[in-house]
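Predicted, not measured: the structure shown is a model, and the values here were computed from it. Quick note: numbers below take in every heavy atom, side chains included, and nothing from hydrogens, waters or symmetry partners.
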Amino acid sequence: ISKVFNRWNLICNSVNMISQDFREKVERGLGCVVILAGSGNDEPHIDKIAKSLQKYGIPFEVRVASAHKQSEKLSEIIKEYDAIKGHLLYIAVAEGTDALSGTSSYVSRRLTISCPPDNPNMSCLTNPSGSSNLYAGRPENAARAVAQIFSEVNLQYTGALEADINTKRNDLNVQDEELKSKYAKE
């Protein structure tokens with residue numbers, strides 16, 4: 001019985017579980033992300049977003065709350081994160097009929113980026129008036145958008161973006177030379 005009670009207590013209190021470390025990073029104005037997932041089944045896509053955010057050094061937390069099945073919990077989670085002063089936004093991860101990004105962008109005063117596992121997802125693109133979510137179909141583009149949004153407040157993100165741009169340009173220059181040489185011989 002105590003195991004059941006402890007699990008029930010954990011479930012009931014799971015809304016109030018922002019880590020102190022994450023809270024401090026938001027309050028320091030680093031530019032942070034809460035990945036909101038509609039289900040634990042979205043974990044493979046969450047992993048891709050997490051790796052992309054880590055590339056830029058962007059702090060994040062992951063929360064699971066279905067907009068369809070747990071609308072009150074979702075609202076409470078958003079309310080709790082929105083109460084933190086600092087730079088923060090949400091990346092919503094939900095497939096099918098995505099109510100998560102529309103709800104979070106409507107309820108929160110902070111930006112929500114939709115990044116669904118089933119890209120393209122038209123429900124993310126056709127949310128009703130007042131739902132101001134942005135759409136990034138690829139995890140790496142969602143993370144890059146976050147870095148761009150917060151680059152003015154976190155120079156680490158600016159440096160990572162510049163390095164990313166330089167790497168891509170260098171790769172393209174190498175490809176240009178290789179293909180130019182290859183086809184000049186024919």
Side-chain angles (χ1 to χ4, degrees), residues 18-38 42-64 77-78 80-95 98 100-102 104-105 108-122 124-125 127 131-184:
I18 299 174
S19 75
Q20 187 60 34
D21 180 57
F22 186 75
R23 181 183 301 278
E24 289 170 4
K25 288 175 180 175
V26 175
E27 290 172 345
R28 286 199 325 255
L30 298 180
C32 302
V33 172
V34 177
I35 301 172
L36 294 173
D42 298 322
E43 188 174 5
H45 196 68
I46 294 166
D47 287 342
K48 293 175 189 174
I49 295 169
K51 286 178 184 150
S52 298
L53 291 169
Q54 289 167 343
K55 174 183 173 184
Y56 294 101
I58 300 168
F60 64 90
E61 282 195 345
V62 177
R63 300 302 301 268
V64 176
I77 288 171
I78 292 169
E80 186 175 358
Y81 282 99
D82 276 0
I84 305 171
K85 294 189 184 323
H87 301 287
L88 176 75
L89 61 77
Y90 301 97
I91 296 178
V93 179
E95 59 187 343
D98 172 25
L100 185 62
S101 61
S104 65
S105 69
S108 177
R109 61 183 169 83
R110 296 204 161 110
L111 178 66
T112 296
I113 299 173
S114 302
C115 188
D118 57 346
N119 176 40
N121 182 317
M122 291 307 293
C124 297
L125 298 171
N127 278 319
S131 295
S132 55
N133 56 297
L134 303 182
Y135 187 92
R138 296 180 176 163
E140 60 274 14
N141 291 349
R144 182 175 166 77
V146 172
Q148 289 172 312
I149 289 165
F150 292 136
S151 66
E152 294 296 317
V153 298
N154 190 325
L155 296 179
Q156 175 186 335
Y157 303 162
T158 304
L161 287 164
E162 289 172 358
D164 202 26
I165 291 167
N166 290 333
T167 298
K168 184 61 174 176
R169 286 181 178 161
N170 290 338
D171 290 348
L172 290 170
N173 287 335
V174 168
Q175 293 169 10
D176 175 45
E177 288 299 318
E178 288 173 351
L179 292 176
K180 182 172 104 179
S181 296
K182 176 181 175 181
Y183 288 101

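Taken from NE2 in His87 to CZ in Arg110, the straight-line distance is 9.0 Å, to the nearest 0.5 Å. Atom-to-atom distance recorded for Asp176:CG and Asp171:CG is 12.5 Å, nearest 0.5 angstrom. A distance of 8.0 Å separates NZ in Lys55 from CZ in Arg144, rounded to the nearest 0.5 Å. The distance from atom CD1 of Ile46 to atom CD1 of Ile91, rounded to the nearest 0.5 Å, is 11.0 Å. Atom NZ of residue Lys51 and atom CD of residue Glu140 lie 12.5 Å apart, to the nearest 0.5 angstrom. Remark: Cys115 SG to Leu134 CG distance equals 12.0 Å, nearest 0.5 Å.
Checking side-chain atoms of Ser181 against main-chain N and O of Glu178 turns up no donor-acceptor pair under 3.5 Å. Ser105 places a side-chain N or O within 3.5 Å of a backbone atom of Gly102 that can act as its donor or acceptor partner. A donor-acceptor pair under 3.5 Å links the side-chain atoms of Asp82 to the main chain of Arg109, judged by distance alone. No donor-acceptor pair closer than 3.5 Å links the side chain of Glu61 to the backbone N or O of Ile18.
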Candidate pair Val33 and Leu89, rule side-chain contact (heavy atoms from CB on, under 4.5 Å), full reasoning: CA-CA 5 Å; Val33 172; Leu89 61 77; 3.9 Å; yes
Test log, rule side-chain contact (heavy atoms from CB on, under 4.5 Å), inputs Gln175 and Leu172: CA-CA 5 Å; Gln175 293 169 10; Leu172 290 170; 3.6 Å; yes
Residues Lys25, Asp21; criterion salt bridge (Lys or Arg N to Asp or Glu O under 4.0 Å); working and verdict: CA-CA 6 Å; Lys25 288 175 180 175; Asp21 180 57; 3.2 Å; yes
Evaluation steps, side-chain contact (heavy atoms from CB on, under 4.5 Å), between Ser114 and Asn121: CA-CA 9 Å; Ser114 302; Asn121 182 317; over 6 Å; no
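Between Thr112 and Ser104 there is a side-chain heavy-atom pair separated by less than 4.5 Å. Taking 4.5 Å as the limit, every side-chain heavy atom of Phe60 sits out of range of all side-chain heavy atoms of Ile49. Here the side chains of Leu88 and Phe22 are in contact, with some heavy-atom distance below 4.5 Å.
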Identify all side-chain donor-acceptor contacts of residues 147-159 below 3.5 Å with residues at least two apart in sequence or on another chain.
unit_1 : atom_1 : unit_2 : atom_2 : d
Ser151 : OG     : Gln148 : O      : 3.0
Asn154 : OD1    : Gln156 : N      : 2.9
Asn154 : ND2    : Leu30  : O      : 2.9
Gln156 : NE2    : Tyr56  : O      : 3.4
Tyr157 : OH     : Leu30  : O      : 3.1
Tyr157 : OH     : Gly31  : O      : 2.6
Thr158 : OG1    : Ser151 : O      : 2.8

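A donor-acceptor pair shorter than 3.5 Å cannot be found between the side chains of Asn141 and Tyr135.
Other residues, nucleotides and ligands place more than 12 heavy atoms under 6.0 Å from the CD atom of Glu95.
Using a cut-off of 4.0 Å between Lys/Arg side-chain N and Asp/Glu carboxylate O, Lys168 and Asp164 are scored as not salt-bridged.
Taking each heavy atom of Ser101 and Asn133 in turn, the nearest pair found is OG-ND2, 3.6 Å.
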